[in-house]
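Below, chain A is the first sequence line, B the second, and so on; all start at residue 1.
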Amino acid sequence: MTKRFYITTPIYYVNGAPHIGHAYTSIAADVLARFKRMDGYDVFFLTGTDEHGQKVEAAARAAGLDTQAYTDTISQDFRDMTDAMGVSYDDWIRTTEQRHKDSCAALWKKIEAAGDIYLGHYEGWYSVRDEAFYDEGELVTLPDGSKIAEKSKAPVEWVKEPSYFFRLSAWQDRLLEFYEQHPDFIAPTSRRNEILSFVKGGLNDLSVSRTTFNWGIPVPDAPGHVMYVWLDALTNYITAAGFPDTTAPRWDFWPADVHFVGKDIIRFHAVYWPAFLMAAGIAPPTRISSHGWWVVDGEKMSKSLGNVVEPRVLAKTFGLDQIRYFLLREKPFGADGSLNHQAIISRMNVELANDLGNLAQRSLSLIAKNLDGKLPARGDATPEDSALLDAANALPDIVRLHMDRQTFHEALEEIWKVIRSANGYIDRQAPWALRKTDPERMAVVLRVLVDTIRVVATLLQPFMPASIGRMMDQLGVAPDARSLADLAVPLADGLALPAPQGVFPRYVEPVA
RNA sequence: GGCGGCGUAGCUCAGCGGUAGAGCAGGGGAAUCAUAAUCCCUUGGUCGGCGGUUCAAAUCCGUCCGCCGCUACCA
């Protein structure tokens, strides 16, 4: 039976334009999806847009558009951005689709039938902008008497309305037991500890319906109530797997293997979501992997500061693969990090152009010029040959381990250690000198280099699919033989290699 | 207020009980196959402060200072 792997991004909220943060999550998920496919898994990779809620309704009205027409436009913009980032999703879900409405209604009924939903009254402070309820203590009173949420600075209003509640308080012990039994459920560990301490501190029942607006999914048999946007949004992950049709082919993918999320929405995914699912008798996801923010030129990215980074512009300036590489290389996945032109150029020139691109170019040029472009055969390995080849051959297992933990920057660092070793190797072996003194040895050295670069390139495909695809072409690796398993089969001796061309050009600052 | 994390070379960080490390940046040299790329060597730190444990502490404990995260409460 084929190994299945289900990866999701959050569905992006359509109340604004896509920015680098959205692209980051999607690219990270894409890298894992591509890696898993390359490692023999049948992958289902889901992304899409979250389109309900009061904020969206208001934004549409402000834009003078019909709400559905408004969400159509924004959703398409997100989809264009996602495509432009080379994200290889298998399904694009929208919460306004009928399949999702059916799924939400079915999930609601299951939870209700289990006795975990009851009708009550909600009374308290609510922020439309955050789609969240706040306690008094989380608020700050402004000089004009109005109140805002201390953390998000979003205005709140006093709301009193009938509301359905999810009996979250009853799930505390079962959640803690679940976390205990699944130590890898939340990544990184620091976030796991925060969630643990939050749940240990006690849980309040959660208001899961609203009556003050209509742009949402109707609560079954409860006119006037629409579902709380987070219940609606989270459900997308099972909708796309076919829920409520548990005989759907895709249902075999559930539970999801990794939900990628930003650090701002961990609680929804790590507390509410498993509770909803367990209440409905559905298995919770396997892992919630959360990441940090990009800080731009030292400032938090925000619309008011005007420093919002458009991923399509970045890709156009530096190249898509260069940006994908930078985003996963520059900082640990779970941590915050800084994005600026100098840092991008440095990674691009030092690591991609100088270390990797130049290594491939100098190695392949020697084959083109001295061996008539024919791949030399392997020869007896010297200790130096073996040291390099052993390091390269150990990489797939090391990288797989890091991918499973989403420690992307460490995976890349391990790959770069081998690339740096290869540059040292070529210098010490000096095949350009061997050409005259010992042509046979020169051929063996060049073969060691090609074999090493092949392993490195294979592992880098998920990160930089287009560029590395070109490198694979130059290495003579057939398009249908580029998986991890294919590494076991040596390239054919005497294989004709195409003329090498630079894959990673240096970035030169345009003259102003 | 509680819980937790962090503070190590100019920068980003690893090390987490046994003579201070990596990458980048800086300096010197080699080589010239290659995208003026590469390789080798090298400058640089009293590992936030102060106490303690230990034969031995970035590494363990206490305390203080400074940042950050989660959370709570007062009003």
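With C1' as the reference atom, B:G17 and B:A56 are 8 Å apart, rounded to whole Å. Separation of the P atoms belonging to B:U8 and B:U59 is 13 Å when rounded to the nearest angstrom. Across the P atoms, B:C55 and B:G15 are found 28 Å apart, a figure rounded to whole Å. When the P atom is used for both B:C39 and B:A22, the distance is 15 Å, rounded to whole Å. Going from the C1' atom of B:G26 to that of B:C65 covers 32 Å, rounded to whole Å. The gap from the P atom of B:G28 to that of B:U43 amounts to 14 Å, rounded to the nearest Å. Annotation: B:A75 and B:C67 have their P atoms spaced 28 Å apart (nearest Å). Rounded to whole Å, the P atom of B:U42 lies 47 Å from the corresponding atom of B:C3.
Side chain of A:Glu194, nearest nucleotide from B:C24, B:C33, B:G69: B:G69. Comparing atom distances between the A:Arg191 side chain and each of B:G69, B:U35, B:C33 picks out B:G69 as nearest.
The neighbour count for A:Gln181 CD, taken as heavy atoms of other residues, nucleotides or ligands under 6.0 Å away, is above 12.
Whole-Å rounding puts the A:Ile345 CD1 to B:U12 C1' distance at 18 Å. Computed from coordinates, the A:Leu449 CG to B:A37 P distance equals 21 Å when rounded to whole Å. Atom CZ in A:Arg329 sits about 11 Å away from atom C1' in B:C13, given to the nearest Å. In this structure, the CD1 atom of A:Ile453 is 13 Å from the C1' atom of B:C33, given to the nearest Å. Rounded to whole angstrom, the span from the CD atom of A:Glu413 across to the C1' atom of B:C24 amounts to 11 Å. B:U12 atom P lies 21 Å from atom CG of A:Leu412, rounded to whole Å.
For A:His259, the side-chain hydrogen bond (donor to acceptor under 3.5 Å, both in side chains) criterion is met by A:Thr8, A:Trp273, not counting sequence neighbours.
A:Leu359 contributes atom CG, which lies 8.0 Å from atom CE of A:Met471 (distance to the nearest 0.5 angstrom). Atoms CZ and OG, from A:Arg210 and A:Ser163 in turn, are 7.5 Å apart once rounded to the nearest 0.5 Å.
Nucleotide B:C47 is matched to nothing when pairs are restricted to Watson-Crick or G-U wobble geometry with both distances under 3.5 angstrom. Look at B:G23: its Watson-Crick or wobble partner, with both distances under 3.5 angstrom, is B:C11. For B:G66, the paired nucleotide is B:C6, the pair qualifying as Watson-Crick or G-U wobble because both relevant distances are below 3.5 Å. Under the Watson-Crick or G-U wobble criterion, with both distances below 3.5 Å, B:A34 has no partner in any strand shown. In a base pair of the Watson-Crick type (N1 to N3 plus N6-O4 or O6-N4) or a G-U wobble (N1-O2 and O6-N3), with each distance short of 3.5 Å, B:C73 is matched with no nucleotide. Across the strands present, B:C60 finds its partner in B:G52; the criterion is a Watson-Crick or G-U wobble pair with both atom distances under 3.5 angstrom.
Taking the O4'-C1'-N9-C4 or O4'-C1'-N1-C2 dihedral as appropriate, B:A58 has a value within 90° of 0 and is therefore syn.
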Please write out each protein N/O paired with an N/O of nucleotides 38-41 of chain B under 3.5 Å, distance rounded to 0.1 Å.
unit_1 : atom_1 : unit_2   : atom_2 : d
B:U38  : O2'    : A:Arg362 : NH1    : 3.0
B:U38  : O2'    : A:Asp427 : OD1    : 2.8
B:U38  : O2     : A:Asp427 : OD2    : 3.2
B:C39  : O4'    : A:Asp427 : OD2    : 2.9

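Ring-plane geometry between A:Tyr24 and A:Trp294 is classed as perpendicular, the angle between the planes exceeding 60 degrees on a 0 to 90 degree scale with a lower cut at 30.
A:Arg174 forms a cation-pi arrangement with A:Trp171, by the criterion of a distance under 6.0 Å to the ring centre and an angle within 45° of the ring axis.
Residue-level contact check: A:Lys369 touches the backbone only, with heavy atoms under 4.0 Å from sugar-phosphate atoms and none from bases.
You'll find the side chain of A:Leu446 stays beyond 4.5 Å of the side chain of A:Val450, heavy atoms only.
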